[in-house]
There are 2 protein chains.
Amino acid sequence: MSVTIKDIAKLAGVSHTTVSRALNNSPLIQEETKERIRIIAEQMDYSPNFSAKSLVLDRSYNLGLFFTTLSNGTSAGFFYEAIRGVNSVIQDRYQLIVKGIDDYTGFHSITRKSFDGIIIVSQSDEDQAIIDHIANKGIPLVVLNRPVTTTGVLNVLSDEEQGAFLAGSYLIEQGHTRIALIEGRQGFKSAQNRKDGFERAMKQFQITIPSVYRMPGLYDLESGHRAMQKFLALDERPTAVFCCNDEMALGAMKAVSEAGMHVPNDISVVGFDDTVFAAFVTPALTTVRRPIEQISKEGALRLLGNIENKQHETEQLLLKTELIVRESVRSLSS
Amino acid sequence: MSVTIKDIAKLAGVSHTTVSRALNNSPLIQEETKERIRIIAEQMDYSPNFSAKSLVLDRSYNLGLFFTTLSNGTSAGFFYEAIRGVNSVIQDRYQLIVKGIDDYTGFHSITRKSFDGIIIVSQSDEDQAIIDHIANKGIPLVVLNRPVTTTGVLNVLSDEEQGAFLAGSYLIEQGHTRIALIEGRQGFKSAQNRKDGFERAMKQFQITIPSVYRMPGLYDLESGHRAMQKFLALDERPTAVFCCNDEMALGAMKAVSEAGMHVPNDISVVGFDDTVFAAFVTPALTTVRRPIEQISKEGALRLLGNIENKQHETEQLLLKTELIVRESVRSLSS
DNA sequence: GAAACTATTGTTAACGTGTGCATATATGTG
DNA sequence: CACATATATGCACACGTTAACAATAGTTTC
């Protein structure tokens, strides 16, 4: 069926060993022989059988890119940027295998032989099981987006606690004191970090948050919408709401306008993530940008370093977040 | 290093062939022998080497999922839904390899041996080269999202022309006659189809579109924003604008509010795609929904059928789009 | 009781590639 | 000229798995 190095060997009148060496540009082979073989290979439209290569070289040329889930709770923009970042680094040296961790029934199929390295974009503590499994098997691994202390594992993430602190501080600086919080999806580390940073800001400025100013959320539009409705129904409404991601902020803004009110005049809103549409909603959303694409690039880069140099670096890299001020927060101080 | 069937064979006191058969549940092997071997395999934490399997079985267990581009012009939501749809169908029978077609320097590495099947989510006529290459190699292929006539290729897409026709007709039914168009990215088939459907509606109701009511677009927020600015600067402004996707519609709405005007009171806007945020912007966007996740599911399903039953169906499946009426269009007829 | 059959397991080769070692030829060295 | 040395190629095996065929033992058939 398809052309093999033996077919080429026959045509070139050499052994298949010579063909193999020639196509791998081995210094053992004479330059003109190489060239002759290359031309024949080209003419025969040869392309190597990667299964055979993998078998003998003990490298799969596969890179796993695993998300906590593909079904729900992962925002499209997040997903897209992560894949794009990794993809831009690996080019065509590796094949990128995308998977949701919650799709795995067992981790049996994850072996050294089937993955040269793995990138986990982790959003939940529950990913620890697969992280342990992979680390145990000795497969080079980088965990993105969530802090992890497993030894021998690379870790790249943004400092979300700091980002939320920025957002909280900003609201206070603008003169707000009645500040509410819509939390992220329970069990997601990011939800915890963002809440922590926000609360640190409140504490630093000695502002207390009554329990009616806290609502749980699911990182989706609907939950932001519901939470804001609750806030608006209060006798003493908050003057500002910090939403743990942009989607919930969007839902919240929707609830405001449905109530016949306006952002930011009646109530201020801050988001988190700086998703593509944040700049284009009305009013444009003030939010915290975290460098997802950069995280995944740095992560992929370091992983490749570990794979190809057989080294074993395990540093943790923390990338700074940034407050993007737009129009959704009103200044009360002036 | 890792456990092979030969290691198991030694421990079980049988030949490696027997182990292979036992683990593949061959009827040739005695039931108790099978069970004994299964237990030993389990204890030794055996997992098969897929490269070796692939080599001898001539199946890679890889499915390619190729997008026209991962860099630009593919919206995050589109990307996400497509992957999710395909992923939900293949479960863990195959590995999903995601790639941007424009990342390929050559198609050399795409062979029967490295992909059991390929799904192309095509957004441009320029993908024809890779489609031909794959069809030529005899690899089972399904092309999603764009019509294709190559023989032996499955094709699943939504009827975008019909969707745009719905949108155009709806505007007219609401009493609009001065209707403008922001086009999609040049070279993308969808851009052509949407324009065609829109124009068919205009023609049917004998409405003509002056050339100043047409602006090119790039499917992104910025181009929608710019185009709307142009429309607003006209002496005789349109009363409604059909944007060839939601992102441009969002940009357009932004331009309206920047000009101190309001959607839909001053000008109506219709989008296309029904992206997640369409329902949550203010005002909620009237748009056309195309069933991307369903398209990718159906496509994956049919591809697997062709692969696993070695059949060769090549039907074209056209899924209906749907107009989602929300709040961004004003009725002029009342 | 020999022949034919069945059930179970083993032997061997094959998939396509890379590599250690042997071989052959050309080149230099004293 | 004999010997060492460098250069270029081939031989044989390995990687881990499956499968065609062979072999063995037990069972049925007439």
Side-chain angles (χ1 to χ4, degrees), chain A residues 1-38 40-41 44-62 95 108-116 137, chain B residues 1-38 40-41 44-62 95 108-116 137:
Chain A
M1 194 76 191
S2 40
V3 189
T4 74
I5 53 171
K6 293 191 182 176
D7 300 325
I8 299 177
K10 210 168 288 176
L11 221 85
V14 296
S15 76
H16 76 275
T17 310
T18 302
V19 175
S20 170
R21 291 197 177 110
L23 296 179
N24 287 321
N25 199 22
S26 153
L28 290 178
I29 305 295
Q30 212 173 0
E31 199 50 56
E32 17 176 322
T33 314
K34 281 188 197 172
E35 195 49 31
R36 193 162 53 88
I37 291 176
R38 281 199 202 104
I40 295 179
M44 298 181 80
D45 191 29
Y46 166 79
S47 46
N49 182 321
F50 269 77
S51 300
K53 270 180 110 103
S54 295
L55 185 57
V56 59
L57 292 181
D58 207 24
R59 308 190 59 230
S60 64
Y61 301 97
N62 284 341
Q95 307 219 282
H108 243 308
S109 59
I110 306 175
T111 69
R112 274 201 80 100
K113 310 280 182 178
S114 46
F115 292 100
D116 288 346
K137 294 249 175 185
Chain B
M1 195 75 193
S2 41
V3 189
T4 73
I5 52 172
K6 294 193 181 175
D7 300 324
I8 300 177
K10 210 169 289 175
L11 220 84
V14 296
S15 78
H16 73 276
T17 307
T18 302
V19 175
S20 170
R21 292 199 178 109
L23 296 179
N24 287 321
N25 200 22
S26 153
L28 291 177
I29 304 295
Q30 212 173 1
E31 200 50 56
E32 18 176 322
T33 315
K34 280 188 197 172
E35 195 49 30
R36 193 162 55 87
I37 290 176
R38 282 199 201 104
I40 296 179
M44 297 181 80
D45 191 28
Y46 166 79
S47 46
N49 183 320
F50 268 77
S51 301
K53 270 179 111 104
S54 296
L55 186 57
V56 58
L57 292 181
D58 207 25
R59 309 189 59 229
S60 64
Y61 300 98
N62 285 340
Q95 307 218 283
H108 243 308
S109 58
I110 306 175
T111 69
R112 272 201 81 101
K113 310 281 183 178
S114 44
F115 293 100
D116 288 347
K137 293 249 173 182

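All chains are named by letter (A, B, ...) in the order of the sequence lines, taking the proteins before the strands, and each is independently numbered beginning at 1.
Following rounding to the nearest Å, B:Ile29 (CD1) and C:dG10 (C1') show an atom-to-atom distance of 10 Å.
Annotation: side-chain contact (heavy atoms from CB on, under 4.5 Å) contacts of A:Lys10 (sequence neighbours excluded): none. Checked against ring-ring contact (aromatic ring centres under 6.0 Å, His included), A:Tyr46 has no partners two or more places apart in sequence or in another chain. Every residue two or more places apart in sequence or in another chain that forms a side chain to side chain donor-acceptor pair (under 3.5 Å) with A:Thr111 is listed here: A:Ser114. Considering only residues two or more places apart in sequence or on other chains, A:Ala52 meets the side-chain contact (heavy atoms from CB on, under 4.5 Å) condition with A:Asn49, B:Leu55. Looking at residues two or more places apart in sequence or on another chain, you find a side chain to side chain donor-acceptor pair (under 3.5 Å) between B:Ser15 and B:Thr18.
Side-chain nitrogen and oxygen atoms of B:Ser15 include at least one within less than 4.0 Å of the OP1 or OP2 phosphate oxygen of C:dG10. Under 4.0 angstrom from either OP1 or OP2 of C:dT9 there lies no side-chain N or O belonging to B:Thr18.
In this structure, CZ in B:Arg36 is found 10.5 Å from CD1 in B:Ile29, a value given to the nearest 0.5 Å. Note that CD of A:Glu35 and CD of A:Glu31 are 7.0 Å apart. Values are rounded to the nearest 0.5 Å. The CZ atom of A:Phe50 sits 11.0 Å away from atom OG of B:Ser51, with the distance rounded to the nearest 0.5 Å. To the nearest 0.5 Å, the span separating NZ on B:Lys6 from CG on B:Leu11 amounts to 16.0 Å.
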Please list every donor-acceptor pair under 3.5 Å in which a side-chain atom of residues 19-28 of chain B meets a protein atom from a residue at least two apart or in another chain.
unit_1, atom_1, unit_2, atom_2, d
B:Asn24, ND2, B:Ser20, O, 3.2
B:Asn25, OD1, B:Lys34, NZ, 2.9
B:Asn25, OD1, B:Arg38, NH2, 3.3
B:Ser26, OG, B:Leu28, N, 3.0

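Between A:His16 and A:Asp7 there is no side-chain heavy-atom pair separated by less than 4.5 Å.
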Give me the distances for all protein-to-nucleotides 18-22 of chain C N/O pairs that come in under 3.5 Å?
unit_1, atom_1, unit_2, atom_2, d
C:dG18, OP1, A:Asn24, ND2, 3.0
C:dG18, OP1, A:Lys53, NZ, 3.2
C:dG18, OP2, A:Ser20, OG, 2.5
C:dG18, OP2, A:Asn24, ND2, 3.4
C:dG18, O6, A:His16, NE2, 2.9
C:dT19, O4, A:Thr17, OG1, 3.2
C:dG20, O6, A:Arg21, NH2, 2.8

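If you walk DNA chain D from 5' to 3' and mark each nucleotide with an atom closer than 4.0 Å to a heavy atom of chain B, the marks span D:dG16 to D:dC21.
Residues from residues 30-37 of chain A lying near DNA chain C, meaning a heavy-atom separation below 4.0 Å, are absent.
Applying the salt bridge (Lys or Arg N to Asp or Glu O under 4.0 Å) test to every pair with at least one member in residues 45-59 of chain A, sequence neighbours left out, gives these pairs: A:Asp45-B:Lys137, A:Asp58-A:Lys113, A:Arg59-A:Asp116.
Where the helix from C:dG1-D:dC30 to C:dG30-D:dC1 starts and where it ends, the local axes point in directions that differ by 50°; five pairs per end, rounded to 10°.
Across all non-hydrogen atoms, the minimal contact from A:Tyr61 to A:Ser54 is CD1-OG, 4.2 Å.
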